[in-house]
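Worth knowing before you read on, the calculation uses all heavy atoms, side chains too, and leaves out hydrogens, waters and symmetry mates. This one's a predicted model, so the numbers in the text were calculated from it and none came from an experiment. Chain A is the first sequence line, chain B the second, and so forth, proteins listed ahead of strands; every chain is numbered from 1.
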2 protein chains.
Amino acid sequence: MKSFFVQLEINPNLYLKDPQKTKLGRKIIEHSVLLIDEIGLEQFNFKKLSDIIPSSEASVYRYFENKHHLFVYLLNWYWEWMIARIELNTLNITDPKVKLRVALGIIVDTANRNMDIEFVDEEILHKIVVREGAKAYHHKLVDEDNGYGFFLSYKELCNKIAAIISEVREDFLYPKALASTLIETANNNLYFARHLPRLTDLSDEGDDQSLNEQVKKMLGFFCFGLIENNSHSDSLIKDMEMRN
Amino acid sequence: MKSFFVQLEINPNLYLKDPQKTKLGRKIIEHSVLLIDEIGLEQFNFKKLSDIIPSSEASVYRYFENKHHLFVYLLNWYWEWMIARIELNTLNITDPKVKLRVALGIIVDTANRNMDIEFVDEEILHKIVVREGAKAYHHKLVDEDNGYGFFLSYKELCNKIAAIISEVREDFLYPKALASTLIETANNNLYFARHLPRLTDLSDEGDDQSLNEQVKKMLGFFCFGLIENNSHSDSLIKDMEMRN
DNA sequence: ATTTTTTGATAGCATTACTATCATTTTCAC
DNA sequence: GTGAAAATGATAGTAATGCTATCAAAAAAT
């Protein structure tokens, strides 16, 4: 089981000074993940972070303009990591259906089978993404952020999965929407099972692996159920008669 | 076209004093919606709100403990409003498939065909829900909030849709997960089409109604595609061979 | 008409989200 | 190893935020 000590390429607009290149920078990333997991994004701030590292507030501000940029940086890290894992694990697979199933597994399961980046605890980062990831793009200034390319990695991840979907069935109507839905549905159901169980059918028995398996199964059901289905065209017709 | 001047029942744990019962309270709700839409949830605060109403910061604090409670209050309003609209519009429908299609239409389309509550602009509230609704439950203290019943209305909405799904096909494995996915997918794709178009296949030509139609069509495709499909059991088997 | 409730105005306080300055330490070139 | 340059730490300061408290004025209820 190999371990990679890669530097992931993150959009430079997200930082003032590349945190991957210095010891302090890496500590900032490492402990941001731990601290956000512990106290949540709203309670997290640069003062608390610098107390823990330990460093000074001013020093953290030399790396990141503000908490939001740091947070989006972490999400980009996660998205890039997902892309890399999907690439690595589908390299030698030719059957697109198998590829797709592997990709679904990777979305759900962050147990680092063969990628491991020194200073980021990917399991914990994944927890943060599941709990609070949507905040990265659900806000008033999304267009501005988007203009700086803050979501390029998410789009790439989506498009990678969408491309596999299209490989399985090239005439599928909604590859990108299905891809984004699968990612969001995976995260939502992991979260719901733990915190709002009446919003899902999956059950959290406290065992991570069992819940992951349930989510994978359901994602596969949704994804292949839609892709391999030939009988929708008729059900679309009944569209007119309602809401008179 | 009737207009209802109903008071929606909102969980009393969300407020200190019932805002629906006083003039000032209703102004708080009305202008919260407008102001959050305008400046976004993060920039919104009670000072700015009270300057606009106009009233005083202290007075707003007499109705809501803090901004988060007010925000969740608005979401509960939205959820209750959706429940009421679904009930009202499916009352006389017996065919569960038709019911389901009507429900999907209601999730997407907030044009008030026959419900209208005096002081809340539902179109704008819907915009807020689409953009920032997920923040209501994606945070560290979700379990505490859940303990106070802050998400009961969302669960009710989900379960109402899940129940219709089960009516259409009682052996469907994931009615609740499908229901929550449909709701979140509707909102996400409305948002993506506008702000992150590479995450969806729908196109925003600036026309609300055209986009709504596309989303409705896609939701129907996803929903009925899954429910009316009989051929998944075999595709589930191929689960073992990967990730060796 | 007066009591009770609601609201407005003001003040205040601890925390947050930064920015600026300058001294000190570390890194790097030679 | 020495000196210059860069990175960090320490401290201070400011404007905004998220409240709480107090008291007087206005509105509503009896």
Nearest to the [X] side chain among [options], which nucleotide is it?
X: B:Glu57; options: D:dT8, D:dC19, D:dT11; result: D:dC19
X: B:Arg62; options: D:dG9, C:dT7, D:dA21; result: C:dT7
X: A:Ser59; options: C:dT6, D:dC19, D:dG9; result: D:dG9
X: B:Asn45; options: D:dG18, C:dT7, C:dA17; result: D:dG18
X: A:Leu24; options: C:dC18, D:dT8, C:dG8; result: D:dT8

- Before giving the answer on ring pair (Phe, Tyr, Trp, His ring centres under 6.0 Å), spell out for B:Phe71 and B:Trp77 the whole-Å C-alpha distance, their side-chain angles and the decisive distance to 0.1 Å. CA-CA 10 Å; B:Phe71 181 60; B:Trp77 185 292; over 10 Å; no
Does [N] have OP1 or OP2 under 4.0 Å away from a side-chain N or O of [X]?
X: B:Tyr63; N: C:dT7; result: yes
X: B:Lys48; N: D:dT17; result: yes
X: A:Lys23; N: D:dA7; result: no
X: B:Ser55; N: C:dG8; result: yes
X: A:Tyr61; N: C:dA20; result: no

- Message: Quick check: do A:Leu8 and A:Asn76 have side-chain heavy atoms less than 4.5 Å from each other?
- Response: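 When only atoms from C-beta onward are counted, A:Asn76 and A:Leu8 do not touch, as no gap falls below 4.5 Å.
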- Query: Atom CG in B:Leu196, atom OH in A:Tyr137: separation rounded to 0.5 Å?
  - Reply: 8.5 Å
What is the distance, rounded to the nearest whole Å, between atom [atom1] of [X] and atom [atom2] of [N]?
X: A:Gln43; N: D:dG18; atom1: CD; atom2: C1'; result: 12 Å
X: A:Phe46; N: D:dT11; atom1: CZ; atom2: C1'; result: 19 Å
X: A:Asp51; N: D:dA10; atom1: CG; atom2: C1'; result: 13 Å
X: B:Asn66; N: C:dT15; atom1: CG; atom2: C1'; result: 15 Å

Using a 4.0 Å heavy-atom cut-off, does [X] contact any base of the nucleic acid, only the sugar-phosphate backbone, or nothing at all?
X: A:Glu65; answer: sugar-phosphate
X: A:Phe64; answer: nothing
X: A:Lys47; answer: nothing

- Assess the side chains of B:Tyr174 and A:Thr200: does a donor N or O sit below 3.5 Å from an acceptor N or O?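 Short answer, no.
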- Task: Let me see the working for B:His138 and A:Tyr191 under ring pair (Phe, Tyr, Trp, His ring centres under 6.0 Å), right down to the final yes or no.
- Result: CA-CA 9 Å; B:His138 279 101; A:Tyr191 189 71; 4.9 Å; yes
